[in-house]
Amino acid sequence: MRACYDCHSNETSYPWYSNVAPMSWLLQNHIVEGRSKLNFSEFTTDPGEAHEAVEVIENGEMPPANYTWFGLHSTAKLTE
């Protein structure tokens, strides 16, 4: 869960470049979209919600490839 928390919770730890436009706009849009799909800060015990999150990860849809480019967000790289 720690790997997903920055974009999928209300406790985002913003990197230094989040204060520089246009990166700040792009980053904020990604976070808003991520939270709209799954927000661990507002997570319910709905089994369907958890199952869908697991399915997205197993299908390789998360984290997005560009999120870990150039060594950024190394904590978001998931292992088998």
Side-chain angles (χ1 to χ4, degrees):
M1 183 167 95
R2 180 179 39 200
C4 311
Y5 221 66
D6 266 349
C7 289
H8 293 283
S9 79
N10 295 337
E11 299 176 33
T12 301
S13 176
Y14 290 93
W16 65 268
Y17 54 84
S18 66
N19 295 311
V20 180
M23 286 303 295
S24 58
W25 308 329
L26 180 64
L27 184 64
Q28 190 59 36
N29 285 338
H30 282 224
I31 292 169
V32 168
E33 183 180 352
R35 287 179 185 162
S36 74
K37 305 224 185 246
L38 175 65
N39 187 335
F40 287 111
S41 298
E42 301 170 7
F43 194 71
T44 66
T45 56
D46 177 6
E49 190 174 22
H51 177 73
E52 186 175 342
V54 169
E55 190 174 296
V56 167
I57 292 167
E58 288 179 340
N59 288 340
E61 298 170 45
M62 282 286 137
N66 64 347
Y67 190 69
T68 56
W69 285 350
F70 310 115
L72 294 172
H73 312 288
S74 58
T75 59
K77 291 182 180 180
L78 303 176
T79 62
E80 291 295 323

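The model shown is predicted, which means the values in this text are computed figures rather than measured ones.
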Is the backbone of Glu61 close enough, under 3.5 Å, to the side chain of Asn59 for a donor and an acceptor to pair up by distance?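 The answer is no, because no donor-acceptor pair under 3.5 Å joins these two groups.
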
Donor-acceptor check, side chain of His8 to backbone of Leu38, threshold 3.5 angstrom: yes or no?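 Looks like yes, one N/O pair under 3.5 Å.
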
Cluster partners of Ile57, using ILVMFWY side-chain heavy atoms under 4.5 angstrom, listed by chain and number?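 Result for Ile57 is Val56, Met62, Leu78.
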
Tell me, please, which residues at least two apart from Ala65 pass side-chain contact (heavy atoms from CB on, under 4.5 Å).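 Scan of Ala65 (side-chain contact (heavy atoms from CB on, under 4.5 Å), adjacent residues dropped) gives Trp69.
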
So, using side-chain contact (heavy atoms from CB on, under 4.5 Å) as the criterion, who are the partners of Asn19 when residues are at least two apart?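 Once residues adjacent in sequence are excluded, Asn19 has no partner under the side-chain contact (heavy atoms from CB on, under 4.5 Å) criterion.
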
Could you pull out all donor-acceptor pairs under 3.5 Å where a side-chain atom in residues 30-37 meets a protein atom, sequence neighbours excluded?
{"unit_1": "Arg35", "atom_1": "NE", "unit_2": "Ser9", "atom_2": "O", "d": "2.6"}
{"unit_1": "Arg35", "atom_1": "NH2", "unit_2": "Ser9", "atom_2": "O", "d": "3.2"}
{"unit_1": "Arg35", "atom_1": "NH2", "unit_2": "Thr12", "atom_2": "OG1", "d": "2.8"}
{"unit_1": "Ser36", "atom_1": "OG", "unit_2": "Glu33", "atom_2": "O", "d": "2.7"}

Within the 4.5 Å heavy-atom criterion, are Cys7 and Tyr67 side-chain neighbours or not?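 Answer yes - side chains close enough.
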
Compare all side-chain heavy atoms of Glu11 with those of Asp6 and state whether any distance is below 4.5 angstrom.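 Answer no - side chains too far apart.
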
Can you sort out the partners of Tyr14 under ring-ring contact (aromatic ring centres under 6.0 Å, His included), two or more places apart, ordered by chain and number?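 Result, ring-ring contact (aromatic ring centres under 6.0 Å, His included) vs Tyr14: none returned.
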
How would you list, by chain and number, every residue that makes a side chain to side chain donor-acceptor pair (under 3.5 Å) with Glu58, sequence neighbours excluded?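 Listed in chain order: nothing, the list is empty.
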
